[in-house]
Peer 1: 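Quick one: structure below, then a few questions.
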Amino acid sequence: MTSPTSDALLGPAEIRELAAVLGVRPTKQRGQNFVIDANTVRRIVRTAEVRPDDVVVEVGPGLGSLTLGLLETADRVVAVEIDDVLASALPATVAARMPQRADRFALVHSDAMHVRELPGPPPTALVANLPYNVAVPVLLHMLDTFPTIERTLVMVQSEVADRLAAPPGSKVYGVPSVKANWYADVKRAGAIGRNVFWPAPNVDSGLVALTRRAEPISTTATKAEVFSAVDAAFAQRRKTLRAALAGWAGSAPAAEAALVAAGISPQARGESLTVEEFVRIAENRVTADHGDATGSAAAGRQYAPETASEPAPENEESTQP
């Protein structure tokens, strides 16, 4: 196999030229701030610990900056792109700049939230630059849909990175933190400045690394039931769990009973609990219909939008390769 050349990646001039040829004007709506720095791209690939045997899925490849960097190292890359113009142009960009790797690239023209299968071997890694407004939903959807993804590195707005990697007890610990921990160990993996994007965003970006749990959390509750408890707890995060979970459990006394059975103080708040503690709460929920421990899957789904995240702070922007 011929090694990729050092000039295969896209720089500032190439990005602007390609955008001009395609008639692409970066839009804030889709978070289109394109990465123009090859060193940043290689840093992302290195931080993601991409290996020569990896099958990497990339969400939102944009003009292909990160795609080309991933192809330098990974065995295969599958890119998921929703934009019609960008999706139609990317295969040609790969073929022109890295022809020796073109047969290792596949494109899925779709909304990532609707993707249920990918071409080729199962993905082993997810590397993506995610716009804020879809970052958490897309991340959770991909981790849930493709359990073969072992390692993930996402670039998101800095505040979102803080939320995803926040430990229990942190002021920014919330729904994204708990749900991400259901799937993986999560940590901050660095910061990205604004000057590596075109156009430069008004916010900083951060890298978040997720390593899939070696074994899924063992529980008699379903994921929907656990996530419904999480959603309920943080919907009223300033209240005690006895009060916040009253609607979820059917009443405040029922919530207290579930909490006590789970070994958790009814006076605690959701921001202090680990995902394992939320699991115990879900396992000890009693339904009015059955009088059994744990709620029904249907009841769980009522409170459990899997992609739920907390409201975005004002003036948040997002970036895209």
Side-chain angles (χ1 to χ4, degrees), residues 1-28 30-48 50 52 54-109 112 125-131 153-157 190-201 203-207 317-321:
M1 181 184 71
T2 305
S3 299
T5 58
S6 60
D7 61 355
L9 302 193
L10 297 169
E14 291 86 358
I15 287 289
R16 289 184 174 87
E17 180 182 356
L18 187 55
V21 169
L22 297 175
V24 171
R25 295 184 178 181
T27 67
K28 184 175 180 179
R30 287 191 171 173
Q32 291 174 330
N33 301 74
F34 302 110
V35 178
I36 58 175
D37 182 64
N39 288 330
T40 297
V41 167
R42 290 200 173 99
R43 175 191 166 195
I44 292 170
V45 175
R46 185 171 60 250
T47 304
V50 176
D54 271 325
V55 177
V56 179
V57 58
E58 179 191 6
V59 176
L63 291 169
S65 303
L66 182 55
T67 310
L68 294 168
L70 291 168
L71 278 169
E72 280 191 332
T73 302
D75 181 54
R76 296 176 183 274
V77 174
V78 180
V80 181
E81 175 60 62
I82 189 174
D83 186 281
D84 294 342
V85 174
L86 296 175
S88 64
L90 189 54
T93 300
V94 171
R97 303 194 67 85
M98 208 172 283
Q100 72 278 19
R101 302 292 287 157
D103 64 338
R104 296 287 175 168
F105 171 74
L107 176 78
V108 176
H109 182 194
L126 166 65
V127 184
N129 187 2
L130 300 174
L153 185 79
V154 291
M155 179 158 60
V156 294
Q157 186 173 331
I192 301 291
R194 306 178 187 189
N195 61 345
V196 301
F197 299 100
W198 172 73
V203 295
D204 294 320
S205 298
L207 298 174
E317 294 193 16
S318 49
T319 55
Q320 187 171 353

Peer 1: Identify the heavy atoms of Met98 and Leu68 that sit nearest to each other, and give their distance.
Peer 2: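 Of all heavy-atom pairs spanning Met98 and Leu68, the closest is CE-O, 3.3 Å.
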Peer 1: Suppose we screen for salt bridge (charged side-chain N to carboxylate O under 4.0 Å, His left out). Which residues come up paired with Arg16, at least two apart in sequence or across chains?
Peer 2: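 Arg16 satisfies salt bridge (charged side-chain N to carboxylate O under 4.0 Å, His left out) with no residue once adjacent residues are dropped.
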Peer 1: Quick one: pull up CD in Glu72 and OG1 in Thr67 and give me the separation to the nearest 0.5 Å.
Peer 2: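 Answer rounded to 0.5 Å: 12.0 Å.
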Peer 1: What is the minimum heavy-atom distance between Val127 and Ala48, and which atoms define it?
Peer 2: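 Residues Val127 and Ala48, closest heavy atoms: CG2-CB, 3.8 Å.
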Peer 1: Among side-chain atoms of His109 and Asp83, is any donor-acceptor pair under 3.5 angstrom?
Peer 2: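 Result is no, nothing qualifies.
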Peer 1: Are the side chain of Thr73 and the backbone of Leu70 linked by a donor-acceptor contact shorter than 3.5 Å?
Peer 2: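 Checking the backbone N and O of Leu70 against the side chain of Thr73, no donor-acceptor pair under 3.5 Å is found.
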Peer 1: Check Gly190 against Arg43 and note the closest heavy-atom contact, atom names and distance.
Peer 2: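 Minimum heavy-atom contact is CA-NH2, 3.8 Å.
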Peer 1: In chain order, what residues pass the side-chain contact (heavy atoms from CB on, under 4.5 Å) check against Ala79, with sequence neighbours excluded?
Peer 2: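 By the side-chain contact (heavy atoms from CB on, under 4.5 Å) rule, Ala79 matches Glu58, Pro61, Leu90, Phe105, Leu107.
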Peer 1: Less than 4.5 Å apart, side chain to side chain, heavy atoms only: is that true for Val56 and Val50?
Peer 2: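 Of all side-chain heavy-atom pairs linking Val50 with Val56, at least one is under 4.5 Å.
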Peer 1: Verify side chain to side chain contact (heavy atoms under 4.5 Å, CB included) between Phe197 and Ile192, making sure each step is shown before the conclusion.
Peer 2: CA-CA 10 Å; Phe197 299 100; Ile192 301 291; 3.9 Å; yes
Peer 1: Minimum heavy-atom separation for Arg97 and Ala8, please, with both atom names.
Peer 2: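 So the minimum-distance heavy-atom pair works out to NE-O, 2.8 Å.
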Peer 1: For the pair Val77 and Val55, evaluate side chain to side chain contact (heavy atoms under 4.5 Å, CB included) and give the outcome as yes or no after the intermediate values.
Peer 2: CA-CA 6 Å; Val77 174; Val55 177; over 6 Å; no
Peer 1: Checking Ile44 against Leu66 for the side chain to side chain contact (heavy atoms under 4.5 Å, CB included) test, could you report, in this order, the C-alpha distance in whole Å, the side-chain angles of both residues, the deciding distance, and whether it holds?
Peer 2: CA-CA 8 Å; Ile44 292 170; Leu66 182 55; 4.0 Å; yes
Peer 1: Please list, chain by chain and in numerical order, all residues satisfying side-chain contact (heavy atoms from CB on, under 4.5 Å) with Leu126, sequence neighbours excluded.
Peer 2: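 With sequence neighbours excluded, Leu126 shows a side-chain contact (heavy atoms from CB on, under 4.5 Å) to Val57, Val59, Ala128, Leu139, Met142, Ile149, Thr152, given in chain and number order.
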Peer 1: For Val108, which residues count as a side-chain contact (heavy atoms from CB on, under 4.5 Å) partner, sequence neighbours excluded?
Peer 2: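 So Val108 forms a side-chain contact (heavy atoms from CB on, under 4.5 Å) with Val78, Val80, Ser110, Val115, Leu118, Pro119.
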Peer 1: Would you say Arg101's side chain and Leu71's backbone share a donor-acceptor pair under 3.5 angstrom?
Peer 2: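 Pair found, side chain donor or acceptor close to backbone of Leu71.
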Peer 1: Applying side-chain contact (heavy atoms from CB on, under 4.5 Å), name anything that partners Ala38, two or more places apart in sequence or on another chain.
Peer 2: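 Partners of Ala38 by the side-chain contact (heavy atoms from CB on, under 4.5 Å) criterion, ordered by chain and then number, come out as Leu9, Arg42.
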Peer 1: Using atom types as modelled and distance alone, determine if a side-chain donor or acceptor of Arg194 lies under 3.5 Å from a backbone N or O of Ala200.
Peer 2: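 A pair under 3.5 Å: no.
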Peer 1: Looking at CG of Asp37 and OG of Ser65, how far apart are the two atoms once the value is rounded to the nearest 0.5 Å?
Peer 2: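 So the CG of Asp37 and the OG of Ser65 are separated by 9.5 Å.
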Peer 1: With sequence neighbours excluded, what pairs up with Asp75 under the salt bridge (charged side-chain N to carboxylate O under 4.0 Å, His left out) test?
Peer 2: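 With sequence neighbours excluded, Asp75 shows a salt bridge (charged side-chain N to carboxylate O under 4.0 Å, His left out) to Arg104, given in chain and number order.
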Peer 1: Give a yes or no answer on whether the side chain of Thr93 reaches the backbone of Ala89 with a donor-acceptor pair at less than 3.5 Å.
Peer 2: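 Yes, because the side chain of Thr93 sits within donor-acceptor range (under 3.5 Å) of the backbone of Ala89.
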Peer 1: Please walk me through it: do Leu10 and Phe34 pass side chain to side chain contact (heavy atoms under 4.5 Å, CB included)?
Peer 2: CA-CA 10 Å; Leu10 297 169; Phe34 302 110; over 6 Å; no
Peer 1: Got a second to check how far Leu63's CG is from Glu17's CD, nearest 0.5 Å?
Peer 2: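 If I round to the nearest 0.5 Å, the distance is 11.5 Å.
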